[in-house]
Enquirer: 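Sharing a structure below in structure tokens format, with a few things to ask.
Residue numbers start from 1 in every chain, and the chains themselves are labelled A, B, ... in the order their sequence lines are given, proteins ahead of strands.
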There are 2 protein chains.
Amino acid sequence: MKKAPEKFRFAAMAVDVPVFGLVGEKLYCLVSTVNRPPHYLNKFGFLGGMIKSSETAEEAVCRVLFEKGNIKDLYLEQLYTFSAVERDKRNRVVSVAYIGLVPPEKVLTYKQDEASFKPIDELSSLAYDHDEILKVSLTRLRGKLSYTTIAQFLLPKSFTLTELQTVYEILKNTKLDKRNFRKKILALDILKDTGKSQEGVQNRPATLYSFKSKKLEELNLVI
Amino acid sequence: MKKAPEKFRFAAMAVDVPVFGLVGEKLYCLVSTVNRPPHYLNKFGFLGGMIKSSETAEEAVCRVLFEKGNIKDLYLEQLYTFSAVERDKRNRVVSVAYIGLVPPEKVLTYKQDEASFKPIDELSSLAYDHDEILKVSLTRLRGKLSYTTIAQFLLPKSFTLTELQTVYEILKNTKLDKRNFRKKILALDILKDTGKSQEGVQNRPATLYSFKSKKLEELNLVI
DNA sequence: GCAAAAGTGTTAGGTATACACCCATGC
DNA sequence: GCATGGGTGTATACCTAACACTTTTGC
């Protein structure tokens with residue numbers, strides 16, 4: 001594969017990937033510290049890096065997450081391409097942003113020197129245009145929650161209906177009726193009863209469910 | 001603005017823009033002939049071109065559509081970024097694809113040497129990865145039709161309810177009940193009666209409506 | 001037995017669907 | 001007066017939303 005003619009190769013192409021995880025009542029996002037004087041001093045930013053000439057954008061995302069965050073095997077989807085001329089004040093960098101989602105256990109056990117999960121309400125004034133990327137990400141997440149099975153990627157393999165309901169409540173910032181939520185979600189026929197129950201809880205153990213399909217599915221109904 | 005360091009500038013960044021318009025019962029798309037031996041011989045392809053160092057992707061789209069197709073002032077939205085390494089067999093070119101929508105009169109009056117509107121069922125075996133871009137475009141269009149006011153950009157400023165219904169029927173490839181469609185669309189409170197009616201038609205003249213908002217709005221209900 | 005979360009049904013109001021005939025206009 | 005598409009209402013089935021108490025478990 002030849003390179004493009006020099007005159008067209010003015011920009012670098014990057015990927016940036018906010019990785020989200022939900023623990024308890026809080027949404028977390030993976031960030032690392034960005035220190036690039038003079039413009040970006042001790043700010044948080046998502047993991048990101050340059051796309052290589054042999055890679056697709058998605059391959060670059062996987063490589064960057066593994067190299068810089070030791071994260072792999074997660075749900076990824078392309079979010080949007082950010083191309084504002086001054087989005088990186090140092091150079092022209094066009095960024096293809098992706099969203100990553102991980103289940104709670106990955107957030108809880110995460111231990112790396114360079115990156116960590118922070119509650120999103122503690123993220124403001126991020127490096128580059130990452131404030132905007134965060135905003136677009138959350139809008140996308142909220143939207144897809146309503147008409148797809150994307151919630152599965154924020155949950156453990158098996159989970160209780162209350163946990164699933166919490167995903168909706170936190171991300172949509174709303175309170176749902178337990179009985180109605182259960183009726184609706186079970187009627188969608190996307191879950192299966194694992195036959196198991198919670199163990200070691202102090203209250204009545206809840207039935208554990210899992211998604212019938214491990215892929216993102218579109219729903220007919222809106223939750 | 002400095003250029004990115006040379007080692008990162010391996011690829012060219014392009015935009016590609018299928019522009020759609022609906023006339024009668026057919027969806028049309030703007031294409032031009034691509035002749036780039038040895039890989040692309042006399043194929044159709046969407047309008048596209050390289051992003052310049054001073055431009056955002058959207059600015060490049062506007063410039064390219066105007067320069068190569070003499071089209072401006074249309075609805076545009078970013079579709080997806082296509083980055084397969086071999087998507088352009090000649091060089092590494094990453095493309096940020098957009099969708100454009102124009103009203104029927106722009107399709108009907110379109111006359112340019114280099115580009116023309118073709119019915120989409122006549123488009124196959126397009127240049128580059130444009131077959132895939134077309135597929136993704138149509139999926140997006142169909143999806144957004146259901147929960148946004150995107151239909152407005154495929155219609156004249158004022159239109160009949162039957163014309164609006166036809167947009168849904170053609171793009172979703174379905175037949176809708178006239179009475180139910182009218183009830184539903186009027187209940188959404190997104191249209192206003194212009195007070196005018198069709199003229200010069202051989203049947204009872206239909207009331208002309210327009211959208212209250214000229215921007216893309218999200219709907220609560222699904223059509 | 002108490003604390004904590006799980007689990008479960010009914011009713012009323014609203015929405016979606018199915019369906020057929022008269023109306024206004026031009027020729 | 002006829003051909004053409006415009007415009008309208010109702011009844012039924014379904015879905016949605018509101019609402020509170022009993023069950024199971026660990027301690």
Enquirer: For residues B:Phe181 and B:Tyr168, establish whether the separation of their ring centroids is below 6.0 Å.
Expert: yes
Enquirer: Round to the nearest Å and state the distance from B:Phe181 atom CZ to D:dT8 atom P.
Expert: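 Value for this atom pair: 14 Å.
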Enquirer: Return no unless some side-chain N or O of B:Thr162 is found under 4.0 Å from OP1 or OP2 of D:dG5.
Expert: no
Enquirer: Please confirm whether A:Phe211 and A:Phe159 have ring centers closer than 6.0 angstrom.
Expert: yes
Enquirer: Send over the distance from B:Arg182 CZ to D:dT8 P, rounded to a whole Å.
Expert: 7 Å
Enquirer: Whole-Å distance between C:dT15 C1' and A:Lys184 NZ?
Expert: 13 Å
Enquirer: So, for B:Tyr110 and B:Tyr28, is the gap between ring centers shorter than 6.0 Å?
Expert: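 Ring centroids of B:Tyr110 and B:Tyr28 are no less than 6.0 Å from each other.
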Enquirer: How many whole angstroms separate atom CG of B:Asp193 from atom P of D:dT8?
Expert: 10 Å
Enquirer: Whole angstroms only, please: what is the CZ-P distance between B:Phe159 and D:dG6?
Expert: 14 Å
Enquirer: Ignoring backbone atoms, establish whether A:Thr207 has a side-chain N or O less than 4.0 Å from OP1 or OP2 of C:dA6.
Expert: no
Enquirer: Does either side chain, that of A:Gln165 or that of A:Thr162, offer a donor lying less than 3.5 Å from an acceptor on the other one?
Expert: no
Enquirer: Please report, rounded to the nearest Å, how far the P atom of D:dG5 is from the CD atom of B:Glu25.
Expert: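 It works out to 11 Å between those atoms.
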Enquirer: What's the CG-P distance between B:Leu208 and D:dG5, to the nearest Å?
Expert: 17 Å
Enquirer: Rounding to an integer number of Å, can you tell me how far A:Lys175 NZ sits from D:dA17 P?
Expert: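 Rounded to the whole Å, the gap is 16 Å.
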Enquirer: Give the B/S/- string for nucleotides 18-27 of chain C, one per nucleotide from 5' to 3', where a protein heavy atom under 4.0 Å of the base yields B, of only the sugar-phosphate yields S, and otherwise -.
Expert: BBB--BBBSS
Enquirer: Would you mind telling me which of A:Val34, A:Ile99, A:Val31 makes a side-chain contact (heavy atoms from CB on, under 4.5 Å) with A:Phe46?
Expert: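 That would be A:Val31; it is the only one of A:Val34, A:Ile99, A:Val31 passing the side-chain contact (heavy atoms from CB on, under 4.5 Å) with A:Phe46.
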Enquirer: Can you tell which of A:Thr148, A:Ile185, A:Leu188 makes a side-chain contact (heavy atoms from CB on, under 4.5 Å) with A:Leu219?
Expert: A:Leu188
